[in-house]
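In what follows, a single structure is set out as structure tokens and then discussed.
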Number of protein chains: 2
Amino acid sequence: MAERASHRVAPEHTHPDDVPVQTALAALADPVRVTLVRELADSAEWTRSCGSFDVPVGKAALSHHFAVLRGAGLVEQRDEGPKRVNRLRREEFEARFPGLLDLVLRADRAH
Amino acid sequence: MAERASHRVAPEHTHPDDVPVQTALAALADPVRVTLVRELADSAEWTRSCGSFDVPVGKAALSHHFAVLRGAGLVEQRDEGPKRVNRLRREEFEARFPGLLDLVLRADRAH
DNA sequence: CCGAGTGTTCGATGAAAATCATACACTCCC
DNA sequence: GGGAGTGTATGATTTTCATCGAACACTCGG
């Protein structure tokens, strides 16, 4: 059939424009999610599969965190073969919440 | 004696510079606290006592929220007679987390 | 010095969120 | 098509956090 690579249900995405400030802040208030966002920011787009992140949680929790990040308009996902690869929505998120992402990424550990 | 108005233990304050991003985001991720911050932003400094805010929580919870806001470097308090009056640490917080406060204050309800 | 007003502390309660283990669905490759 | 690899869904457990009620501390004005 004229199908793309995946038969799975495509992940639900929320555009940053449709995200309340509250939701964005809550998403970024969790250390695990911030780690994901930071690692994602240091990688090329669509190169990181969900399982490739160095966080101390099981895959169930990990999957949950990605769902939250999608819901906050921070991450976009696409199925590529058996893996689900990720992309940080830098520009779109920056346009909706100017400065916020940079704040989290820079994260002066000097404190 | 050469004492100020209050004998109470002065409230503990944390300067924004000593606040981790994580803490700041968590503090602003609560709707009640955001209401406090917004009302505070719309008032002259040192004019609002803790009890003067329009939030749907008892005074115990309210007192807790102010403690969190102090710990996040968002609010400064001073005892004035029997009341404790507040001030939003606009400049200091802005210097530490550029753009963050504006983001919360503007809070486009258009979503 | 008492009483009203104000805010904090403490302990308990309830709700929300993070986590895990297990089971399941899908894709690819042999 | 079977099996390994990858991610999701579900249900239970744990932790965290917001909240409340009641008791307490402090200030001020009669």
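Just so it is clear: chains get the letters A, B, ... in the order the sequence lines come, proteins before strands, and each one is counted from 1.
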Applying side-chain contact (heavy atoms from CB on, under 4.5 Å) to Leu101(B) and Leu88(B), what does each step give before you reach the verdict?
CA-CA 10 Å; Leu101(B) 199 45; Leu88(B) 185 61; 4.2 Å; yes

Using the side-chain heavy atoms of Ala61(B), tell me which of these nucleotides is nearest: dT19(D), dA21(C), dG7(C).
dT19(D)

To the nearest angstrom, how far is Leu62(A) atom CG from dA21(C) atom P?
14 Å

Does Lys59(A) make a side-chain N or O approach to OP1 or OP2 of dG7(D) shorter than 4.0 Å?
no

Between P on dT27(C) and CZ on Arg78(A), what's the gap in Å once rounded to a whole number?
16 Å

Taking atom C1' of dT15(D) as reference, at what distance in whole Å does atom CG of Asp30(A) sit?
13 Å

N or O in side chain of Arg84(B) less than 4.0 angstrom from dT6(C) OP1/OP2:
no

Integer-rounded Å distance: dT27(C) C1' and Asp79(A) CG:
10 Å

Taking dC20(D), dT8(C), dT27(D) as options, the one with an atom nearest any side-chain atom of Ala60(B) is dC20(D)

In whole angstroms, how far is the P atom of dT6(C) from the CZ atom of Phe66(B)?
14 Å

Residue Val32(A), side-chain heavy atoms: nucleotide from dT6(D), dA21(C), dT19(C) that is nearest
dT19(C)

Among the candidates dC20(D), dT8(D), dC20(C), find the nucleotide nearest to the side-chain atoms of Val57(A).
dC20(C)

dG7(C) phosphate, OP1 or OP2: any side-chain N/O from His64(B) under 4.0 angstrom?
no

Could you pull out the closest heavy-atom pair between Leu69(B) and Arg33(B), with the gap in Å?
CD2-CD, 3.9 Å

Please give, in whole Å, the distance from dG5(C) C1' to Glu80(B) CD?
15 Å

Residue pair Ala27(B) / Leu74(B): nearest heavy atoms and the distance that separates them
CB-CD1, 4.3 Å

Map Pro82(A) and Ser63(A) onto DNA chain D by nearest heavy atom, then report which one ends up closer to the 5' terminus.
Pro82(A)

Ser49(A) side-chain N/O to dG7(D) phosphate OP1/OP2 under 4.0 Å:
yes

Verify the contact: side-chain N or O of His65(B) to OP1 or OP2 of dT19(D), cut-off strictly under 4.0 Å; return yes or no.
yes

Test side-chain contact (heavy atoms from CB on, under 4.5 Å) on Cys50(A) and Gln77(A); report intermediate values, then the result.
CA-CA 9 Å; Cys50(A) 293; Gln77(A) 297 184 316; 3.5 Å; yes

From the set dT9(C), dC20(C), dG7(D), return the single nucleotide nearest to any side-chain atom of Lys83(A).
dG7(D)

Decide yes or no on side-chain hydrogen bond (donor to acceptor under 3.5 Å, both in side chains) for His13(A) and Arg70(A), but give the supporting numbers first.
CA-CA 6 Å; His13(A) 285 107; Arg70(A) 283 197 313 268; 4.8 Å; no

Mind calculating the distance between CG (Leu25(B)) and P (dC17(D)) to the nearest angstrom?
14 Å

In whole angstrom, give the distance that lies between atom CZ of Arg70(B) and atom P of dG7(C).
12 Å

